[in-house]
Amino acid sequence: MIIPRKAQTAADVAAHYNDLDVFYREVWGDHVHHGLWFTGRETSAEAAEALIEYLADSLMLQPNDHVCDVGCGYGATAEWLARNRSVSVTGLTISAVQAQHAAMRAAKSPLLTFLHQDWLENTFEAGSFDCVVAIESSEHMRDKQLFFDEAYRTLRPGGRIAVYAWLARSRTCPWEERYLLEPICREGRLPGMGSMDDYREWATKSGFVVDGFEDLSARVRRTWTICAGRFMRKLLTESKYRGYLMDSKAGNRIFALTLVRIWIAYGTGSMQYGLLNAHKPRA
Ligand SMILES: C[S@@+](CC[C@H](N)C(=O)[O-])C[C@H]1O[C@@H](n2cnc3c(N)ncnc32)[C@H](O)[C@@H]1O
């Protein structure tokens, strides 16, 4: 696993999403995750929804299932799942700003509940959920084993988990770690970035049976070309963006540079993106 040279705490993660709230929403939208392209002709909004649909299909969700969305962002995934799969969703985010946005969605749907809460300190009873989904949130957790242990505990026997994760390729070279992966973790507030092997091991150690782990890097990396382009246009046209970058007190402004590192890291294959599917055995 890639570990940043400065430890990243849950408070750092929350501050990242609180500080960059407006930028995330203006540059990319309410889905704070990659898009998934199959034909290459999809708009970014269509690609973002395609990523959720792909996960929902992999879970074979049934109407009335109770899903936990770990690291739910603005609640857009939960809303999509409730509307398109008739499931109820409980979402957690560590960001107070995201939780406020998500609460507005919950006010319009009895199927949605959102909590401003750390997954690693959750108080759900054992067996509370039929499915657990985590879209790009496990990377932000200091203890990945605990992340999976909690998913296992809170799932009913036979329950399923689907995790989209930013991944470091196995057996990285020193230059990739130094110029790409370590800074991406530090600047992007990831306490650690695991490889596919790491994720398999954590899931298995918790008791899960891994059903599949798909490398989707080639289908998602276009996200960063689009984000970098949009961010550059915002810089040229909106003084708010230039002001934030010039503000020496804005600790998370470094993420503008991270965008470029991530784009390069996908190009070199240093970084990967995967969907892990697993289930909790019935017995
Ligand atoms: C990249 S965003 C993804 C958001 C959402 N899943 C989506 O796809 O739009 C990462 C999310 O993980 C959440 N997160 C990170 N660490 C967390 C923790 N320990 N407990 C709960 N949520 C966490 C953040 O608050 C944020 O909502």
**OP:** Examine Trp37 and Leu55 and state if one hydrophobic cluster contains both, with Ile, Leu, Val, Met, Phe, Trp and Tyr joined whenever side-chain heavy atoms are less than 4.5 Å apart.
**Re:** no
Original post:
When rounded to the nearest 0.5 angstrom, what distance separates CG in Asp65 from CZ in Arg156?
Top reply: 6.5 Å
**OP:** Could you please spell out the steps behind the salt bridge (charged side-chain N to carboxylate O under 4.0 Å, His left out) verdict for Glu201 and Lys205?
**Re:** CA-CA 6 Å; Glu201 193 178 321; Lys205 215 167 157 189; 5.4 Å; no
Original post:
Is there a donor-acceptor pair under 3.5 Å between the side chain of Lys144 and the backbone N or O of Asp198?
Top reply: no
Original post:
What are the two closest non-hydrogen atoms of Leu59 and Ile161, and how far apart are they?
Top reply: CD2-C, 4.0 Å
Subject >> Side chains of Glu187 and Pro183 in contact at under 4.5 Å (non-hydrogen atoms) >> reply: yes
Original post:
Could you walk me through whether Met271 and Leu180 pass the side chain to side chain contact (heavy atoms under 4.5 Å, CB included) check?
Top reply: CA-CA 9 Å; Met271 207 177 129; Leu180 298 173; over 6 Å; no
Original post:
Does one side chain, of Tyr17 or Thr93, offer a donor that lies under 3.5 Å from an acceptor on the other?
Top reply: no
Original post:
Judged by modelled atom types alone, do Thr77 and Asp69 share a side-chain donor-acceptor pair under 3.5 Å?
Top reply: no
Subject >> Distance, nearest 0.5 Å, that separates CZ of Arg160 from CZ of Phe129 >> reply: 14.5 Å
Original post:
For the residue pair His140 and His16, does the interplanar ring angle fall in the parallel (under 30°), tilted (30 to 60°) or perpendicular (over 60°) class?
Top reply: tilted
Original post:
Which distance, rounded to the nearest 0.5 Å, do you find between the CD of Glu139 and the CG of Leu167?
Top reply: 7.5 Å
Original post:
Okay, side chain of Gln8, backbone of Lys6: is any donor-acceptor separation there less than 3.5 Å?
Top reply: yes
Original post:
Rounded to the nearest 0.5 Å, how far apart are CZ of Arg5 and CZ of Arg178?
Top reply: 9.0 Å
Original post:
Is Phe38 reachable from Ile226 through a run of hydrophobic residues whose side-chain heavy atoms are each under 4.5 Å from the next?
Top reply: no
Original post:
What distance separates Leu81 CG from Cys72 SG, expressed to the nearest 0.5 Å?
Top reply: 11.5 Å
Original post:
Do the non-hydrogen side-chain atoms of Arg85 and Trp80 ever get within less than 4.5 Å of each other?
Top reply: yes
Original post:
If two hydrophobic side chains count as joined below 4.5 Å and joins carry through other members, does Met60 share a cluster with Val163?
Top reply: no
Original post:
So which of Trp263, Phe231, Trp166 actually passes ring-ring contact (aromatic ring centres under 6.0 Å, His included) with Trp224?
Top reply: Trp166
Original post:
Counting N and O atoms only, with roles assigned by atom type, does the side chain of Arg105 sit under 3.5 Å from a partner on the main chain of Tyr74, one being a donor and the other an acceptor?
Top reply: yes
Original post:
Is Asp118 reaching over with its side chain to a backbone N or O of Leu120, donor-acceptor style, under 3.5 angstrom?
Top reply: yes
Subject >> Cationic N near anionic O, under 4.0 Å, Arg186 to Glu182 >> reply: yes
Subject >> Spacing of Ile52 atom CD1 and Asp57 atom CG [to the nearest 0.5 Å] >> reply: 12.0 Å
**OP:** Please check if any side-chain donor atom of Trp28 sits under 3.5 Å from a side-chain acceptor atom of His33, or the reverse.
**Re:** no
**OP:** Please step through side chain to side chain contact (heavy atoms under 4.5 Å, CB included) for the pair Glu150 and Val132, ending with a clear verdict.
**Re:** CA-CA 10 Å; Glu150 281 303 299; Val132 168; over 6 Å; no
**OP:** Answer yes if the side chains of Thr90 and His66 hold a donor-acceptor pair under 3.5 Å, and no otherwise.
**Re:** yes
Original post:
Does the Glu176 side chain pair with the main chain of Pro174, one donor and one acceptor, at a distance under 3.5 Å?
Top reply: no
Subject >> Heavy-atom closest contact (Met193 atom, Ile184 atom, distance) >> reply: CE-CG2, 3.9 Å
Original post:
Are the side chain of Thr268 and the backbone N or O of Ala265 linked by a donor-acceptor pair below 3.5 Å?
Top reply: yes
Original post:
Can you name the nearest heavy-atom pair linking Gly207 to Pro281, along with the distance?
Top reply: O-CD, 3.4 Å
Original post:
Should Ile264 and Tyr179 count as side-chain neighbours, where that means a heavy-atom distance under 4.5 Å?
Top reply: no
Subject >> Side chains of Trp202 and Met1 in contact at under 4.5 Å (non-hydrogen atoms) >> reply: yes
Subject >> Closest approach of Gly35 to Thr223 (non-hydrogen atoms, all atoms of both residues) >> reply: N-OG1, 3.1 Å
Original post:
Are any of the side-chain heavy atoms of Ile135 and Leu51 separated by less than 4.5 Å?
Top reply: yes
Subject >> Any Leu276 side-chain heavy atom under 4.5 Å of Phe208 side chain >> reply: no
Original post:
Quick check: are there more than 12 heavy atoms from other residues, nucleotides or ligands sitting under 6.0 Å from NZ of Lys240?
Top reply: yes
Subject >> From CA spacing to verdict: side chain to side chain contact (heavy atoms under 4.5 Å, CB included), Trp119, Ser137 >> reply: CA-CA 10 Å; Trp119 170 250; Ser137 59; over 6 Å; no
**OP:** Verify the cluster assignment for Ile94 and Phe23: are they in a single hydrophobic cluster under the rule of side-chain heavy atoms below 4.5 Å apart?
**Re:** yes
Subject >> No-hydrogen, no-angle side-chain donor-acceptor test under 3.5 Å, Arg169 and Gln272 >> reply: no
Original post:
Can you list the steps and then say if Met141 with Val70 is a side chain to side chain contact (heavy atoms under 4.5 Å, CB included)?
Top reply: CA-CA 11 Å; Met141 306 212 192; Val70 178; 3.6 Å; yes
Original post:
Is a side-chain N or O of Arg189 found less than 3.5 angstrom from the main chain of Ala14, in a donor-acceptor match?
Top reply: no
Original post:
Counting N and O atoms only, with roles assigned by atom type, does the side chain of Lys280 sit under 3.5 Å from a partner on the main chain of Gly159, one being a donor and the other an acceptor?
Top reply: no
Subject >> Within one Ile-Leu-Val-Met-Phe-Trp-Tyr cluster: Tyr164 and Val67, side-chain cutoff 4.5 Å >> reply: yes
Original post:
Is a side-chain donor-acceptor pair under 3.5 Å present for Glu214 with Tyr54?
Top reply: yes
Original post:
Using a distance-only test with no angle check, is there a side-chain donor-acceptor pair under 3.5 angstrom linking Glu136 and Tyr273?
Top reply: yes
Subject >> Least distance between heavy atoms, Leu259 atom then Ala228 atom >> reply: CD1-CA, 4.5 Å
Subject >> Flag, side chain of Arg230 to backbone of Val27, donor-acceptor distance under 3.5 Å >> reply: yes
**OP:** Would you check if His34 and Leu216 make a side-chain contact, meaning some heavy-atom pair closer than 4.5 Å?
**Re:** no
Subject >> Distance-only polar pair, side chains of Asp197 and Ser195, donor-acceptor under 3.5 Å >> reply: no
Original post:
Which heavy-atom pair separates Thr154 from Asn122 by the least distance, and what is that distance?
Top reply: CG2-OD1, 4.0 Å
Original post:
Mind checking whether Phe213 and Tyr199 have parallel, tilted or perpendicular rings, split at 30° and 60°?
Top reply: perpendicular
Original post:
For Gln98, which of Val32, Asp21, Asn18 qualifies under side-chain contact (heavy atoms from CB on, under 4.5 Å)?
Top reply: Val32
Subject >> Side-chain heavy atoms of Ser270 within contact of Thr172, under 4.5 Å >> reply: no
